[in-house]
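Throughout, numbering of the chain's residues begins at 1 and tracks the sequence. Computed over heavy atoms, backbone and side chain alike; hydrogens, waters and symmetry mates excluded.
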Amino acid sequence: MILVLVLLLLFLWSAGSIQARAAIVTEDITPPEPVGSDLKIVHEVTKLASPRWIQSFTMDSKYYYFIQMTRPKDGHLRITRVKYKGFGKYTKDHMDLKYFGHATNLDCSVYNGVTYLWTGSNARSGSDVSRAISCFKYKKNGVLYHHAPIYYRIPKGAWGKYVTNVYPAVNKGGTRLAVRFTYNKKQYYQIYALNQGTKINVHRPIKQVILSATKGDFQGFDLYGTTIYTIEGSPRAAFLRGYDASRVYQPTVIRTADYKTGQKTKQVIHGAKALSFREPEGIKVISGRKVIIMYVSNLLTDQSCNIYQVK
């Protein structure tokens, strides 16, 4: 009897040690924001279906969708779907995109209750440069190769040459689609009428907007009314020194450009100071011009997502 008790105590001690050790190793929390911060926590840290680089996010009325690079050299991506009530929990609900690109931007349109996801696609093998944009419905455990059934190559202007490194964003009402690409060290944004959630005429852009290149690493954009919102910035300097000493730390900056009035703004984000890694990845503008951003945290190749509202 005594032997049994001793063995039971040893087992419980061992299990407790393993749990404690695991808690320390896997701990990744969203630190609280102090009074006066320019950020408000919307959703605390969530681990996704692949321990790789998180690039962007979007959301509809039920889910958040996150896109990650799983094999960058070939443009392989993974989308993880998380219910609003599922934040803070690990999920394996995902869809894979092979030979799509870098996943710089992910967005969605909703038409007749159906959500369509948009991102860059058509990368060549051995490259993460998207040469078209694709539109598709999320399918759990689904796989798409190169592009979706609906995809568009984008000409520069109405009938110019097809451009590369293209990424889409959808406005709040789902009536406009903006496509970003770079050319001669400038940012180009071509705005299109979006019909039935999936249809654009690439030869009839409503507007072409040309902006200076961002000073920091470009990390995503969104469209609200006639205003383009961009986010830029790098991880913490300590992380840059560890994996790419050639890169220089850049603060998180949100810029706006209203292509109707010409008005431009710039806001440097100081919040999330205690967050590890702290690289901005993605921006969304919701009703009331509320700006939602994502910071990734933890380690370079084992990242988690943290969602904030900009005050």
>> Can a side-chain donor-acceptor contact be found between Tyr116 and Asp107 if the only test is distance below 3.5 angstrom?
In response: no
> Is there a donor-acceptor contact under 3.5 Å from the side chain of Asp96 to the main chain of Asn141?
Replying inline: no
>> A side-chain contact here means heavy atoms from C-beta on lying under 4.5 Å apart; do Ile200 and Asn195 qualify?
In response: no
>> Under a 3.5 Å threshold, yes or no: a donor from one side chain and an acceptor from the other, between Glu279 and Gln219?
In response: yes
> Just by distance, with hydrogens left out, do Thr115 and Tyr63 show a side-chain donor and acceptor under 3.5 Å apart?
Replying inline: no
> With no hydrogens and no angle check, is any side-chain donor or acceptor of Asp217 less than 3.5 Å from a backbone partner on Ser234?
Replying inline: no
> Do the side-chain N and O atoms of Thr265 and Thr256 include a donor-acceptor pair separated by under 3.5 angstrom?
Replying inline: yes
> What's the verdict on side chain to side chain contact (heavy atoms under 4.5 Å, CB included) for Lys98 and Val143, showing C-alpha distance, side-chain angles and the deciding distance?
Replying inline: CA-CA 7 Å; Lys98 309 289 189 180; Val143 183; 3.9 Å; yes
>> Atom CZ of residue position Arg124 - does it have more than 12 heavy atoms of other residues, nucleotides or ligands inside 6.0 Å?
In response: no
>> Using a 3.5 Å distance criterion without hydrogens, assess whether the side chain of Gln309 forms a donor-acceptor pair with backbone atoms of Lys290.
In response: no
> Okay, side chain of Lys284, backbone of Phe57: is any donor-acceptor separation there less than 3.5 Å?
Replying inline: yes
> Under 6.0 Å from the OH atom of Tyr145, do we count more than 12 heavy atoms belonging to anything else shown?
Replying inline: no
> Relative to each other, are the rings of Phe277 and Phe239 parallel, tilted or perpendicular (30° and 60° limits)?
Replying inline: perpendicular
> Does any donor atom in the side chain of Gln190 or Tyr192 lie under 3.5 Å from an acceptor atom in the other side chain?
Replying inline: yes
>> What I'd like to find out is whether the side chain of Gln55 reaches to under 4.5 Å of the side chain of His102, using heavy atoms alone.
In response: yes
>> Parallel, tilted or perpendicular, judged at 30° and 60°: which one describes the rings of Tyr308 and Tyr295?
In response: perpendicular
>> Go through it in stages, so that I can follow the logic: the residues are Tyr189 and Tyr259, the test is ring pair (Phe, Tyr, Trp, His ring centres under 6.0 Å), and I'd like the CA-CA distance, side-chain angles, deciding distance and then a yes or no.
In response: CA-CA 10 Å; Tyr189 295 87; Tyr259 62 79; 9.7 Å; no
>> For Ser297, is there any backbone N or O sitting under 3.5 Å from a side-chain donor or acceptor partner on Ser304?
In response: no
> With a 4.5 Å limit on heavy-atom distance, are the side chains of Leu275 and Pro31 in contact?
Replying inline: yes
>> Strictly below 4.0 Å, N to O, side chains only: are Arg52 and Asp302 in salt-bridge contact?
In response: no
> Do NZ/NE/NH1/NH2 and the carboxylate oxygens of Lys311 and Asp38 come within less than 4.0 Å?
Replying inline: no
> Taking all atoms of both residues into account, what is the closest heavy-atom pair of Gly157 and Pro205, and its distance?
Replying inline: O-CG, 4.0 Å
> Between the side chain of Thr70 and the main-chain N/O of His76, is any donor-acceptor distance below 3.5 Å?
Replying inline: yes
> Around Gln208, counting heavy atoms of other residues, nucleotides and ligands shown, do more than 12 lie under 6.0 Å from its CD?
Replying inline: yes
> When you measure from the centre of the six-membered ring of Phe181, is the NZ or CZ of Lys156 under 6.0 Å away and within 45° of the axis?
Replying inline: no
> So do Pro235 and Arg247 actually touch side chain to side chain, heavy atoms under 4.5 Å?
Replying inline: yes
> Does Tyr65 have Arg81 sitting over its ring (NZ/CZ under 6.0 Å from centre, angle to axis within 45°)?
Replying inline: no
> Can you tell me how far the CD1 atom of Ile79 sits from the CG atom of Leu97, to the nearest 0.5 Å?
Replying inline: 4.5 Å
> Under 3.5 Å, is there a donor-acceptor pair between the side chain of Arg255 and the main chain of Gln267?
Replying inline: no
> Under a 4.0 Å N-O cut-off, is there an ion pair linking Glu33 with Lys40?
Replying inline: no
>> For Thr252 versus Pro280, what's the shortest heavy-atom pair and its separation?
In response: OG1-CG, 3.7 Å
> Mind checking whether Leu300 and Trp53 have side chains closer than 4.5 Å, heavy atoms only?
Replying inline: yes
> Do you see a donor-acceptor pair shorter than 3.5 Å between the side chains of Trp118 and Ser134?
Replying inline: no
> In Å and rounded to the nearest 0.5 Å, what is the OG to NZ distance from Ser127 to Lys73?
Replying inline: 11.0 Å
>> Pairing donors with acceptors under 3.5 angstrom, does anything connect the side chains of Tyr167 and Arg180?
In response: no
>> Testing the basics here: between Ala169 and Asn105, what is the closest heavy-atom pair and its distance to 0.1 Å?
In response: CB-ND2, 3.7 Å
>> Restricting to non-hydrogen atoms, name the atom on Gly282 and the atom on Ser56 that form the minimum distance, rounded to 0.1 Å.
In response: CA-OG, 4.3 Å
> Among side-chain atoms of Thr226 and Asp258, is any donor-acceptor pair under 3.5 angstrom?
Replying inline: yes
> Okay, side chain of Asn122, backbone of Arg131: is any donor-acceptor separation there less than 3.5 Å?
Replying inline: no
> Has the side chain of Asp60 got a donor or acceptor atom that lies under 3.5 Å from a matching backbone atom of Lys62?
Replying inline: yes
> So which heavy atom on Asp28 is nearest to which on Asn298, and how close?
Replying inline: OD2-CB, 3.3 Å
> Under the side chain to side chain contact (heavy atoms under 4.5 Å, CB included) criterion, do Ile254 and Ile293 qualify, and how do the steps go?
Replying inline: CA-CA 10 Å; Ile254 294 173; Ile293 66 173; 3.9 Å; yes
>> Within this structure, what is the SG-CG distance for the pair Cys305 and Leu48, rounded to the nearest 0.5 Å?
In response: 4.5 Å
> At what distance, to the nearest 0.5 angstrom, does CG of Leu117 lie from CG of Leu106?
Replying inline: 5.5 Å
> Do the ring planes of Phe136 and Phe100 sit parallel (below 30°), tilted (30 to 60°) or perpendicular (above 60°)?
Replying inline: perpendicular
> Would you find a donor on one side and an acceptor on the other, under 3.5 Å apart, between the side chain of His203 and the backbone of Ala158?
Replying inline: yes
> Roughly how far apart are Ile67 CD1 and Met69 CE, rounded to 0.5 Å?
Replying inline: 9.5 Å
> If you look at every heavy atom in Arg289 and Val285, which pair is closest and at what distance?
Replying inline: CA-CG1, 3.8 Å
> Rounded to the nearest 0.5 Å, what separation is found between the CG atom of Asp222 and the NZ atom of Lys172?
Replying inline: 10.5 Å
> Please walk me through it: do Ile133 and Ile154 pass side chain to side chain contact (heavy atoms under 4.5 Å, CB included)?
Replying inline: CA-CA 8 Å; Ile133 59 172; Ile154 304 297; 4.2 Å; yes
>> Can you tell me how the ring of Phe87 sits relative to the ring of Tyr64, calling it parallel under 30°, perpendicular over 60° and tilted otherwise?
In response: perpendicular
> Cut-off 3.5 Å, side chains only: do Tyr249 and Arg241 have a donor facing an acceptor?
Replying inline: no
> Got Ile150 and Thr198 here, is their nearest side-chain heavy-atom distance under 4.5 Å?
Replying inline: yes
>> Quiz question: by atom type and distance under 3.5 Å, do the side chains of Asn306 and Thr30 form a donor-acceptor pair?
In response: yes
